[in-house]
Amino acid sequence: MSDAPLHVHDDGPVRVFTLDVPERRNALTVPLRRELRAALEAAHADDGCRALVLTGAGKHFSSGGDISSMPQGDRADARDRLHLVADVISLLVEGPLPVVAAVEGAAVGAGTSVVAACDYVVAGRAARFGAIFGRIGLVADSGLFWTLPRKVGAGPARRLLLRGNLIDAPEAERLGLVDELVDDGSALAVAVERAREMAAAAPLALAATKRILAHPPASLAETLHLEEVTQVGMFETEDFAEGRAAFLEKRTPEFRGR
């Protein structure tokens, strides 16, 4: 790893982001937030990038916010920090690329928020999670009031947010925060494999799916209408023509995102 707080490398069509401040359990410092925002923006603009993996260096995913640098009484600084992480969460949730989290060790506070913003979560069995903001006199942030109920349901989200207790990976899987449990130390390898599976799909279809999931219609009628509008557009894409031809010719499609 380099001295930068974020390490980025490509594994074929999968771009891997590693939060790289292991001596601080990958706390979400302001410089790390800035680099992660810029890296996500660059990935979404790169036609060669088809899926993302987010992980942490060392033994932990992220301990959350950088408590030692949190402002007290400086509203402008507080807003700047929150705007940075809000941009990161928006890029994870609303961006066109699927995001897989690879979690080992602790993913607590804003670390839990980042995990909840990802599309698919792979966790080692010793991983742990928790909305522990109240322990330092804060409320949950980084989109957790929106993402957590959508992941685990309103009741479990209420309990996790109000109690602020840590939960282990098996419990997180039972609730729906974690999608797949794996042996400790193997979360990243499995996450990259899952991201590769997602990267094999047509990029425009993936982007449309993420867009609908991020902004779900309010009723069945609205859902059916949105599906119709979206699907009619998909029928007109080069990717659909390629996917149809590949199916009929019994070969693997080569999607180009057009």
Side-chain angles (χ1 to χ4, degrees), residues 1-71 74 76-123 127 129 133 138 140-144 147 187-188 191-192 195 198-199 207 210 214:
M1 299 295 177
S2 68
D3 292 333
L6 181 72
H7 179 74
V8 181
H9 77 276
D10 288 339
D11 188 334
V14 176
R15 185 159 297 175
V16 180
F17 299 141
T18 303
L19 310 180
D20 195 9
V21 197
E23 68 279 5
R24 303 180 70 177
R25 296 189 175 187
N26 303 316
L28 298 172
T29 63
V30 169
L32 176 53
R33 296 177 191 203
R34 287 200 182 99
E35 289 210 12
L36 185 54
R37 179 178 65 180
L40 287 167
E41 290 173 340
H44 291 320
D46 186 346
D47 291 340
C49 183
R50 298 291 178 84
L52 309 177
V53 169
L54 186 58
T55 191
K59 297 180 179 180
H60 301 283
F61 181 82
S62 176
S63 60
D66 180 23
I67 297 175
S68 63
S69 69
M70 287 181 179
D74 188 338
D77 189 4
R79 287 194 178 97
D80 286 344
R81 296 167 65 95
L82 290 169
H83 288 166
L84 276 172
V85 79
D87 288 344
V88 168
I89 297 300
S90 295
L91 287 163
L92 292 173
V93 173
E94 299 182 320
L97 299 175
V99 187
V100 182
V103 183
E104 304 278 2
V108 297
T112 291
S113 300
V114 171
V115 168
C118 294
D119 299 300
Y120 193 90
V121 180
V122 179
F129 308 83
F133 301 85
L138 297 175
D141 58 28
S142 309
L144 197 59
T147 56
L188 179 56
V192 170
M198 297 178 189
K210 284 208 61 174

Peer 1: With salt bridge (Lys or Arg N to Asp or Glu O under 4.0 Å) as the rule and sequence neighbours excluded, what pairs involving residues 4-17 come up?
Peer 2: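 Of all non-adjacent pairs touching residues 4-17, those that pass salt bridge (Lys or Arg N to Asp or Glu O under 4.0 Å) are Asp10-Arg15, Asp11-Arg196, Arg15-Asp46.
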Peer 1: To check you understand the geometry: which heavy-atom pair defines the closest contact between Cys49 and Leu97, and what is its length?
Peer 2: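 That closest heavy-atom pairing would be O-CD2, 3.4 Å.
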Peer 1: With a 3.5 Å distance limit and no angle check, can you tell me whether His60 reaches the backbone of Ala106 through a side-chain donor-acceptor pair?
Peer 2: yes
Peer 1: Any side chain to side chain donor-acceptor pair (under 3.5 Å) pairs touching residues 90-99, not counting sequence neighbours?
Peer 2: Glu94-His215
Peer 1: Taking side chain to side chain contact (heavy atoms under 4.5 Å, CB included) as the criterion, tell me which of Ile89, Leu82, Leu28 meets it with Ser142.
Peer 2: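 It is Ile89, the one option of Ile89, Leu82, Leu28 that forms the side chain to side chain contact (heavy atoms under 4.5 Å, CB included) with Ser142.
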Peer 1: Step through the shown structure and confirm whether more than 12 heavy atoms of other residues, nucleotides or ligands are within 6.0 Å of CZ on Arg25.
Peer 2: no
Peer 1: At their closest point, which heavy atom of Thr147 faces which heavy atom of Ala116, and how far apart are they?
Peer 2: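 Closest approach of Thr147 to Ala116: OG1-CB, 3.4 Å.
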Peer 1: Might you point out which heavy atoms bring Val53 and Ala191 nearest each other, and give the distance in Å?
Peer 2: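 Distance-wise, the nearest heavy atoms are CG2-O, 3.7 Å.
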Peer 1: Do the side chains of Val99 and Leu40 get nearer than 4.5 Å, heavy atoms only?
Peer 2: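 No, side chains not in contact.
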Peer 1: Kindly state each residue pair satisfying side chain to side chain donor-acceptor pair (under 3.5 Å) with at least one member in residues 100-123, sequence neighbours excluded.
Peer 2: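 Matches after skipping sequence neighbours: Asp119-Lys210, Tyr120-Glu180.
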Peer 1: Are Leu188 and Val16 side-chain neighbours, meaning at least one heavy-atom pair lies under 4.5 Å?
Peer 2: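 They are in contact (side-chain heavy atoms under 4.5 Å apart), so the answer is yes.
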Peer 1: Do His44 and Leu52 have side chains that approach each other closer than 4.5 Å (heavy atoms only, starting at C-beta)?
Peer 2: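 Yes, at least one pair of side-chain atoms sits under 4.5 Å.
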Peer 1: Write down the atom of Phe129, the atom of Ala123, and the distance for their closest heavy-atom approach.
Peer 2: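 Looking at all heavy atoms of both residues, the closest pair is CZ-CB, 4.1 Å.
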Peer 1: Does some side-chain heavy atom of Arg34 sit less than 4.5 Å from a side-chain heavy atom of Val30?
Peer 2: yes
Peer 1: Could you tell me whether a side-chain N or O of Arg33 sits under 3.5 Å from a main-chain N or O of Arg81, the two making a donor and an acceptor?
Peer 2: yes
Peer 1: At what distance, to the nearest 0.5 angstrom, does CG of Asp87 lie from CG of Leu92?
Peer 2: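 Between atom CG of Asp87 and atom CG of Leu92 there are 11.0 Å.
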Peer 1: If you take all heavy atoms of Ala39 and Val8, which pair is closest and at what distance?
Peer 2: CB-CG2, 4.2 Å
Peer 1: Drop me the distance from Leu19's CG to Glu35's CD, to the nearest 0.5 angstrom.
Peer 2: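 Answer rounded to 0.5 Å: 11.0 Å.
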Peer 1: To the nearest 0.5 Å, how far apart are CG in Asp20 and NE2 in His7?
Peer 2: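 The NE2 atom of His7 is 7.5 Å from CG of Asp20, to the nearest 0.5 Å.
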Peer 1: Quick check: closest heavy atoms across Phe133 and Ala110, and the distance to 0.1 Å?
Peer 2: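 What the structure gives for the nearest pair is CZ-N, 3.5 Å.
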Peer 1: Do Phe61 and Asn26 touch side chain to side chain, with heavy atoms closer than 4.5 Å?
Peer 2: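 A side-chain contact under 4.5 Å is absent here.
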Peer 1: Just how far is it from atom CZ of Arg37 to atom CG of Leu6, taken to the nearest 0.5 Å?
Peer 2: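 Reported value, rounded in 0.5 Å steps: 13.0 Å.
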Peer 1: When rounded to the nearest 0.5 angstrom, what is the spacing between CG in Leu36 and CG in Leu84?
Peer 2: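 Answer for the CG-CG pair, Leu36 versus Leu84, is 10.5 Å.
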